[in-house]
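This report concerns only the one structure given below.
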There are 2 protein chains.
Amino acid sequence: MTDTLSRTFAALADPTRRSMLDRLTLGVASVSELAAPFSMTLPSASRHLKVLEEVGLISKGRHAQTRPCRIEPALLQDVDEWLKPFRRFYAQRLDMLSDYLDTLNQGEGHGFNSDRP
Amino acid sequence: MTDTLSRTFAALADPTRRSMLDRLTLGVASVSELAAPFSMTLPSASRHLKVLEEVGLISKGRHAQTRPCRIEPALLQDVDEWLKPFRRFYAQRLDMLSDYLDTLNQGEGHGFNSDRP
DNA sequence: GTCATAATTACGTCCTTTGCTAAGTACGCA
DNA sequence: TGCGTACTTAGCAAAGGACGTAATTATGAC
């Protein structure tokens, strides 16, 4: 389990860490701010943020005593890219992509049948 | 770590299991077929498939002695849905979504531009 | 310098995961 | 009914993850 995608998925396999990432879509936040919604101790929350930082899903700056955290989107994009080959299995249920994938299936003939599950 | 999304990400946090899912995009395959590319023993590979089945990423049928496996796309779609709020952080680099998101950013509510290429 | 705040590190414990080997189950066929 | 193939279960050891408490570093205010 040493590759980047595996470590990314492992980091996302925790509801606390996903919730922290959700919070960060609203903007930069300190460790304490990110820890506040949870019932765990600050060291535990800090370790979750360290996991996110070490894998590369967030980065931390410095401002006085606080460590402002922000999202680093590259790995989430990697996850998105990994999902691509699977989209045709549920494309008809995806609002955002349905028209695009319908077009792809009808026209381009990129090597797969649109009537396969 | 009992919620579905956490168990899904945990199941995907293993290169063997992701590789098995990749293989299943080509169509149904038996346990032995899915295990063949890996250097591990058959019981270990079978256990990986059991993890995928228990979380709901694949399902197994029965055909003589074989257990044909197929992808169950619902959870991958859940992952896709979870990614949605993060797409705006890397949208300009996503081929598939760039047109849609450009439209969105220009002020449209949520309609899909149907006269797009 | 002294003190308070923000965050991290150290350490111990519990639980889960992953791999192996060996044994067991389910099915089709002669 | 007995045999081979396909797969699963059982049991064990090694490794990793998540939590808490206690101690430590880093910065700013006084």
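Below, read A as the first sequence line, B as the second, and so on, with proteins coming before strands; counting in each chain starts at 1.
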**OP:** Take atom CD of B:E53 and atom C1' of D:dT8, then tell me their distance rounded to the nearest Å.
**Re:** 11 Å

**OP:** Round to a whole Å and report the spacing from CD of B:Q65 to P of D:dC3.
**Re:** 16 Å

Original post:
Counting only side-chain N and O atoms of B:R67, is one of them less than 4.0 Å from OP1 or OP2 of C:dA26?
Top reply: no

Original post:
Is any side-chain N or O of A:R47 closer than 4.0 Å to OP1 or OP2 of D:dT21?
Top reply: no

Subject >> Nucleotide nearest B:M40 (side chain, heavy atoms from C-beta), chosen from C:dT18, C:dC20, C:dA6 >> reply: C:dC20

Original post:
Which one, D:dA18, C:dC20, D:dG28, comes nearest to the side chain of A:R17?
Top reply: D:dA18

Original post:
Separation of A:F9 atom CZ from D:dG17 atom P, in whole Å?
Top reply: 17 Å

Subject >> Atom-to-atom span, CG of B:L49 to P of D:dT8 - whole angstrom >> reply: 7 Å

Subject >> Whole-Å gap separating P (D:dT5) and CD (B:E33) >> reply: 16 Å

**OP:** Could you tell me whether a side-chain N or O of B:R67 sits under 3.5 Å from a main-chain N or O of B:R62, the two making a donor and an acceptor?
**Re:** no

Original post:
Closer than 4.0 Å, any side-chain N/O of A:T41 to the OP1 or OP2 of D:dG20?
Top reply: yes

**OP:** Ignoring the backbone of A:P43, work out which of C:dT9, C:dA6, D:dT8 is nearest its side chain.
**Re:** C:dT9

Original post:
Is the shortest side-chain N/O distance from A:R62 to OP1 or OP2 of D:dA26 below 4.0 Å?
Top reply: no

Subject >> First encountered from the 5' end of DNA chain C, between B:S44 and A:P68 >> reply: A:P68

**OP:** Using a cut-off of strictly less than 4.0 Å, decide whether A:H63 has a side-chain nitrogen or oxygen near OP1 or OP2 of D:dG28.
**Re:** no

Original post:
According to a strict under-4.0 Å criterion, is A:K50 in side-chain N/O contact with OP1 or OP2 of C:dA7?
Top reply: no

Original post:
Rounded to the nearest 0.5 Å, how far does CG of B:L52 lie from CG of B:D14?
Top reply: 8.5 Å

**OP:** Measure from NE2 on B:H48 to P on C:dT18 and round the result to the nearest Å.
**Re:** 6 Å

Original post:
Under a 4.0 Å N-O cut-off, is there an ion pair linking B:D80 with A:K84?
Top reply: no

**OP:** Would you kindly say whether B:S6 and B:D3 are connected by a side-chain donor-acceptor distance under 3.5 Å?
**Re:** yes

Original post:
If each of A:A64 and B:K60 is mapped to the nucleotide of DNA chain D with the nearest heavy atom, which maps nearer the 5' terminus, i.e. the 5' end?
Top reply: B:K60

Original post:
Looking only at side-chain N and O atoms, does A:S46 come under 4.0 Å of OP1 or OP2 in C:dA7?
Top reply: no

Original post:
Could you give the CG-to-C1' distance, from B:L42 to C:dG19, as a whole number of Å?
Top reply: 14 Å

Subject >> Options C:dT8, C:dA6, D:dA18, nucleotide nearest the side-chain atoms of A:T66 >> reply: C:dA6

Could you list the donor-acceptor pairs under 3.5 angstrom formed by side chains in residues 28-45 of chain A, with sequence neighbours left out?
residue, atom, partner, partner atom, Å
A:S30, OG, A:E33, N, 3.2
A:E33, OE1, A:S30, N, 2.9
A:T41, OG1, A:S44, OG, 3.2

